[in-house]
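The block underneath contains the structure these notes are about, expressed in structure tokens.
Sequence positions, counted from 1, serve as the residue numbers for this chain. Since we're looking at a predicted model, the values are computed, not measured.
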Amino acid sequence: MLLLQLRAGEYMTIGDDVVVQVSDVSGDRCKLMIQAPREIPVIRGELLERAGAKRPECVAEPPRRHQPELSWNRNKSQALIAMRRLLGQMDSGDENVKNLRRQLNFLFPPEFASNETIYAPNS
């Protein structure tokens, strides 16, 4: 399979009758304009697969989106430690406290705590 990198406004031709032009690129999406004779069907792969067609073997899986790494520093570490301490002091029977603790643990799982000690103040 041929791999081309095109910028917005650039185009490619397929044979003599088909022109594919990149209209816009935004984030992980791009808009294509396709000019082809009416007798050549142009159908999204998603629609073909939904109708029962198999995905062609040459079609690669999309790359996983890279999650930007959280920039971390002493201030953020101290704030996280303070939040965990305050939650520990609050009434654990309160649903709001439980929800807040779940949200904090989702954003910064407990195993993340080992990184907190890197910037923890000496006490």
Practice prompt. Any chance you could pull the hydrophobic cluster mates of Leu2, using side-chain heavy atoms under 4.5 angstrom and chaining through other members?
Written response: Leu4, Leu6, Met12, Ile14, Val18, Val20, Val22, Val25, Leu32, Ile34, Ile40, Val42

Fill in: Nearest-0.5 Å distance, CG of residue Leu86 to CG of residue Leu104
11.0 Å

Practice prompt. Give a yes or no on whether Arg29 atom CZ has more than 12 heavy-atom contacts from other residues, nucleotides or ligands under 6.0 Å away.
Written response: no

Fill in: Other cluster members, Val19 - Ile/Leu/Val/Met/Phe/Trp/Tyr, side-chain contacts below 4.5 Å
Tyr11

Worksheet item: What pairs with Leu3 under side chain to side chain contact (heavy atoms under 4.5 Å, CB included), at least two apart in sequence or on another chain?
Response: none

Worksheet item: Given the rule in the side-chain contact (heavy atoms from CB on, under 4.5 Å) test, do Asn99 and Arg102 qualify, once you have shown the distances and angles that lead to the verdict?
Response: CA-CA 5 Å; Asn99 286 334; Arg102 272 194 294 273; 2.3 Å; yes

Practice prompt. Indicate the atoms forming the closest heavy-atom contact of Ser23 with Met33, along with that distance.
Written response: CB-CG, 3.9 Å

Worksheet item: Is Glu49 close to Val59 at the side-chain level, that is, under 4.5 Å between some pair of heavy atoms?
Response: no

Worksheet item: Can you tell me how far the NZ atom of Lys98 sits from the CZ atom of Arg101, to the nearest 0.5 Å?
Response: 9.0 Å

Worksheet item: Are any non-hydrogen side-chain atoms of Arg44 and Arg50 less than 4.5 angstrom apart?
Response: no

Fill in: Spacing of CD belonging to Gln103 relative to CG belonging to Leu87, to within rounding of 0.5 Å
10.5 Å

Worksheet item: Who else is in the cluster with Leu47 when I, L, V, M, F, W and Y are joined by side-chain contacts under 4.5 Å?
Response: Ile43, Leu48

Practice prompt. Kindly indicate, with the supporting measurements, whether the criterion side-chain contact (heavy atoms from CB on, under 4.5 Å) is fulfilled by Arg55 and Glu61.
Written response: CA-CA 10 Å; Arg55 184 181 194 98; Glu61 289 296 320; 3.8 Å; yes

Discussion item. Once side chain to side chain donor-acceptor pair (under 3.5 Å) is applied, do any residues pair with Glu10, and if so which ones, sequence neighbours excluded?
Written reply: none

Worksheet item: With sequence neighbours left out, what residues match Asp17 under side chain to side chain contact (heavy atoms under 4.5 Å, CB included)?
Response: Pro37

Worksheet item: From Gln89 CD over to Arg84 CZ, what is the distance, rounded to the nearest 0.5 angstrom?
Response: 14.5 Å

